[in-house]
Q: 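The structure follows.
Here the structure is a predicted model, which is why all the values come from computation and not from measurement. Hydrogens, waters and symmetry mates play no part in the numbers below; they use all other heavy atoms, side chains included.
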Amino acid sequence: MIELIGLNGKNFFLNADLIFKIEETPDTIITLIDDRNLIVKNSAVEVKELIIEYRRKILANSENLNSISEER
């Protein structure tokens, strides 16, 4: 999950795996895989970086689990 800022200024969490595309028009519009749209205060580049960091954490956790399994 990534943390974003809605237009109302409140933070919320979004499952990054549900994102289909991100556009800046100049508002940042996130289109989900079910074709719903979310408008956020974050820039498109910031959202992209949050997704990358989220996926890095998943991979790091996966590698740690593999190391633990191999030690046993």
Q: Given Y54 and L50, is the side-chain contact (heavy atoms from CB on, under 4.5 Å) satisfied, shown in steps?
A: CA-CA 6 Å; Y54 166 73; L50 290 168; over 6 Å; no
Q: Between L7 and K41, is any pair of side-chain heavy atoms under 4.5 Å apart?
A: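 A side-chain contact under 4.5 Å exists here.
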Q: Partners of D35 by salt bridge (charged side-chain N to carboxylate O under 4.0 Å, His left out), sequence neighbours excluded?
A: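 Per chain and number, D35 pairs via salt bridge (charged side-chain N to carboxylate O under 4.0 Å, His left out) with no residue.
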Q: Which heavy atom of E24 sits nearest to which heavy atom of V45, and what is that distance?
A: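 Looking at all heavy atoms of both residues, the closest pair is OE2-N, 4.5 Å.
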Q: Starting at CD1 of I19, measure out to CD1 of I33 and round the result to the nearest 0.5 Å.
A: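 Atom-to-atom, I19:CD1 and I33:CD1 are 10.5 Å apart.
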Q: At their closest point, which heavy atom of D17 faces which heavy atom of R55, and how far apart are they?
A: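 Shortest heavy-atom separation between D17 and R55 comes out as OD1-NH2, 2.8 Å.
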Q: Compare all side-chain heavy atoms of N42 with those of L4 and state whether any distance is below 4.5 angstrom.
A: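 Sidechains of L4 and N42: in contact.
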Q: Determine whether I22 and I51 satisfy the following criterion, side-chain contact (heavy atoms from CB on, under 4.5 Å), listing intermediate values before the conclusion.
A: CA-CA 11 Å; I22 304 166; I51 294 167; 4.0 Å; yes
Q: Check step by step if side-chain contact (heavy atoms from CB on, under 4.5 Å) holds for V40 and L14.
A: CA-CA 11 Å; V40 296; L14 175 65; over 6 Å; no
Q: Check F12 against L38 and note the closest heavy-atom contact, atom names and distance.
A: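 Nearest heavy atoms, F12 then L38: CE1-CD1, 4.3 Å.
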Q: To the nearest 0.5 Å, how far apart are OG1 in T28 and CD1 in I5?
A: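 One gets 10.5 Å once the value is rounded to the nearest 0.5 Å.
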Q: To check you understand the geometry: which heavy-atom pair defines the closest contact between A16 and I2, and what is its length?
A: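 The answer is CB-CG2, 4.2 Å.
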Q: At what distance, to the nearest 0.5 angstrom, does OG1 of T31 lie from NZ of K21?
A: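 One gets 5.0 Å once the value is rounded to the nearest 0.5 Å.
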Q: Quick one, I52 and E49 - any side-chain contact, counting heavy atoms below 4.5 Å?
A: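 Result yes, sub-4.5 Å side-chain heavy-atom pair found.
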